[in-house]
Amino acid sequence: YYMSRFFIGWVPEHIREDSWVLLFLQTCISISHLMLPLRWIMLWPLELLTVLGYPALRLSAGARLNAHVFTLWLLVMASTYGKRSLERFQREAYQLLLEERTLRVVSEGRLSLAQRRRHRPARNETSDARSTNSE
């Protein structure tokens, strides 16, 4: 009975009342966390506004809080955790990159020093060559 009415276009009021608001809020959160090159600390006002703003709007409109509030909270917290984890991974990867570059510079410096020592004649050989030329 319920599904037949759903398929012919009748949708109960409690289903369609604020779905578009939730979808819009979650879209804003997802885009800000996935697409914008911002640090997590810059996004917490948006997260706070979403988590507190939606229930405030529902209460101000005279509606009761429902499971959508908890679901939105879970989605925002999951997005926040994901963004924070991504930042942590990027920082660790950058640290490893810096360590590798440092090791590369040190090893190239040692190799360059070893090559200069190998191509530079020893002092004994140069002093012997000078003494044989002067005689």
Determine, using the 4.5 Å side-chain heavy-atom cutoff (strictly less than), whether Leu86 and Tyr81 are members of one ILVMFWY cluster.
no
(request) Flag the pair Lys83 / Thr80 as yes when at least one side-chain heavy-atom distance between them is below 4.5 Å, and no otherwise. (result) no
Worksheet entry | Cluster overlap Leu74 with Val76, hydrophobic side-chain contacts below 4.5 Å | yes
Closest heavy-atom pair, Ser32 versus Leu43, reported as atoms and distance to 0.1 Å, is O-CD1, 3.7 Å
When rounded to the nearest 0.5 Å, the distance separating CG of Leu34 from CD1 of Ile29 is 10.5 Å
Q. Just wondering, do Leu23 and Thr27 contact through their side chains at under 4.5 Å, heavy atoms?
A. yes
Smallest heavy-atom separation, Leu46 atom then Cys28 atom, equals CD2-O, 4.2 Å
Tightest non-hydrogen contact, residues Leu38 and Glu87, listed as O-OE2, 4.2 Å
Notebook entry, point to check: Is the closest side-chain heavy-atom distance between Thr50 and Tyr54 below 4.5 Å?
Noted result: no
**Prompt:** Would you say the side-chain atoms of Ser30 and Gln26 include a donor-acceptor pair closer than 3.5 Å?
**Reply:** yes
Original post:
Do the side chains of Arg88 and Trp40 get nearer than 4.5 Å, heavy atoms only?
Top reply: no
| Cluster link Met77 to Leu22, ILVMFWY, side chain under 4.5 Å | yes
(Q) Using side-chain heavy atoms (C-beta onward) and a distance below 4.5 Å, is Arg101 in contact with Val105? (A) no
**Prompt:** Under a single-linkage definition using a 4.5 Å side-chain heavy-atom cutoff for Ile, Leu, Val, Met, Phe, Trp and Tyr, are Leu96 and Tyr94 assigned to the same hydrophobic cluster?
**Reply:** no
- Message: For a 4.5 angstrom cut-off between non-hydrogen side-chain atoms, does Asn66 reach Arg58?
- Response: yes
Any side-chain heavy atom of Leu25 sitting closer than 4.5 Å to one from Leu72? yes
- request: Spell out, yes or no, whether Leu75 and Leu48 are grouped together once hydrophobic residues are joined by side-chain heavy atoms under 4.5 Å, including indirect joins.
  value: no
